[in-house]
Amino acid sequence: MAGGEPVDGWMGGSEFEDYLPVMAEKLGAEGLLEELCNGFRLLADPRRGLITFASLKQNATALGLEGLSDGELMGMLQEGDMNGDDALDELEFCVLMFRLSPDLMAESHRVVDEVLHHELMNESVFFS
């Protein structure tokens with residue numbers, strides 16, 4: 001499947017366009033992660049620093065998700081919520097975006113290796 005093609009969704013049969021593989025190819029691992037972090041900040045509640053149901057619902061139009069029901073939006077949060085706080089932190093959001101991209105998952109080892117190499121070379125922590 002090429003980037004930008006519809007992907008069967010887990011949200012009530014909805015589809016979404018999977019642009020992450022194209023972004024990864026054009027931006028590289030560091031650039032892709034930076035864009036994902038920018039997307040997180042766009043969706044996050046600025047007071048809590050997390051993507052909450054309210055912030056996702058308020059900003060869903062920015063992602064082209066204006067047609068999703070409250071149940072589907074809550075399903076998105078629950079799908080990525082690893083710590084059970086009913087919200088997504090930056091890491092949970094990035095992991096969810098990778099999981100929802102079948103093509104990118106196939107290349108995830110390469111991307112992770114590139115990021116880890118960059119982090120080790122710069123002795124920094126990307127998600128700070």
Side-chain angles (χ1 to χ4, degrees):
M1 169 186 311
E5 291 186 16
V7 175
D8 290 332
W10 43 267
M11 303 174 297
S14 299
E15 291 184 351
F16 70 94
E17 299 292 320
D18 184 7
Y19 290 106
L20 283 181
V22 173
M23 290 173 64
E25 186 176 318
K26 290 185 178 192
L27 300 173
E30 185 177 350
L32 175 62
L33 288 173
E34 186 175 319
E35 285 303 310
L36 286 174
C37 291
N38 288 338
F40 172 81
R41 286 188 289 278
L42 174 72
L43 295 172
D45 176 329
R47 289 172 287 153
R48 291 188 59 197
L50 300 169
I51 297 174
T52 64
F53 174 74
S55 71
L56 182 58
K57 185 172 181 168
Q58 179 180 350
N59 298 306
T61 304
L63 291 176
L65 302 176
E66 61 274 355
L68 294 180
S69 70
D70 287 358
E72 290 170 323
L73 292 173
M74 185 56 77
M76 290 176 72
L77 283 176
Q78 291 171 342
E79 182 76 18
D81 182 15
M82 294 183 276
N83 63 7
D85 65 354
D86 294 325
L88 299 179
D89 61 28
E90 191 172 61
L91 179 59
E92 289 171 326
F93 174 76
C94 290
V95 168
L96 179 62
M97 294 299 99
F98 273 80
R99 286 179 49 215
L100 292 177
S101 178
D103 287 344
L104 199 55
M105 280 300 292
E107 296 184 35
S108 64
H109 291 288
R110 180 192 61 79
V111 173
V112 169
D113 286 345
E114 189 176 325
V115 169
L116 290 175
H117 177 74
H118 176 268
E119 293 299 313
L120 291 172
M121 297 302 290
N122 293 307
E123 296 183 20
S124 63
V125 177
F126 192 83
F127 294 108
S128 57

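Positions are given from 1, in the same order as the sequence printed here.
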Linking I/L/V/M/F/W/Y whenever their side-chain heavy atoms sit closer than 4.5 Å, directly or via other members, would Leu50 and Leu43 fall into one cluster?
no
Taken to the nearest 0.5 Å, the spacing of Met74 CE from Lys57 NZ works out to 10.0 Å
To the closest 0.5 Å, what do you measure between CG (Leu42) and SG (Cys37)?
13.0 Å
Can you name the closest pair of heavy atoms from Phe53 and Leu73 and give their distance?
CE1-CB, 3.9 Å
Taking atom CG of Leu88 and atom CG of Leu91, what is their separation to the nearest 0.5 Å?
10.5 Å
How close do Gly49 and Ala44 get, counting heavy atoms only, and between which atoms?
C-CB, 4.3 Å
Given Met76 and Ile51, is the side chain to side chain contact (heavy atoms under 4.5 Å, CB included) satisfied, shown in steps?
CA-CA 11 Å; Met76 290 176 72; Ile51 297 174; over 6 Å; no
Closest non-hydrogen atoms of Asp81 and Ala87, given as atom of the first, atom of the second and distance, are OD1-O, 3.4 Å
Nearest non-hydrogen partners of Phe40 and Asp89, listed with the distance:
CE1-C, 3.4 Å
Is it true that atom CZ of Arg41 has more than 12 heavy atoms of other residues, nucleotides or ligands lying nearer than 6.0 Å?
yes
Under the side chain to side chain contact (heavy atoms under 4.5 Å, CB included) rule, what do Thr52 and Asp86 come out as? Steps first, then yes or no, please.
CA-CA 7 Å; Thr52 64; Asp86 294 325; over 6 Å; no
For Gly80 and Glu92 the tightest heavy-atom approach is O-CB, 3.4 Å
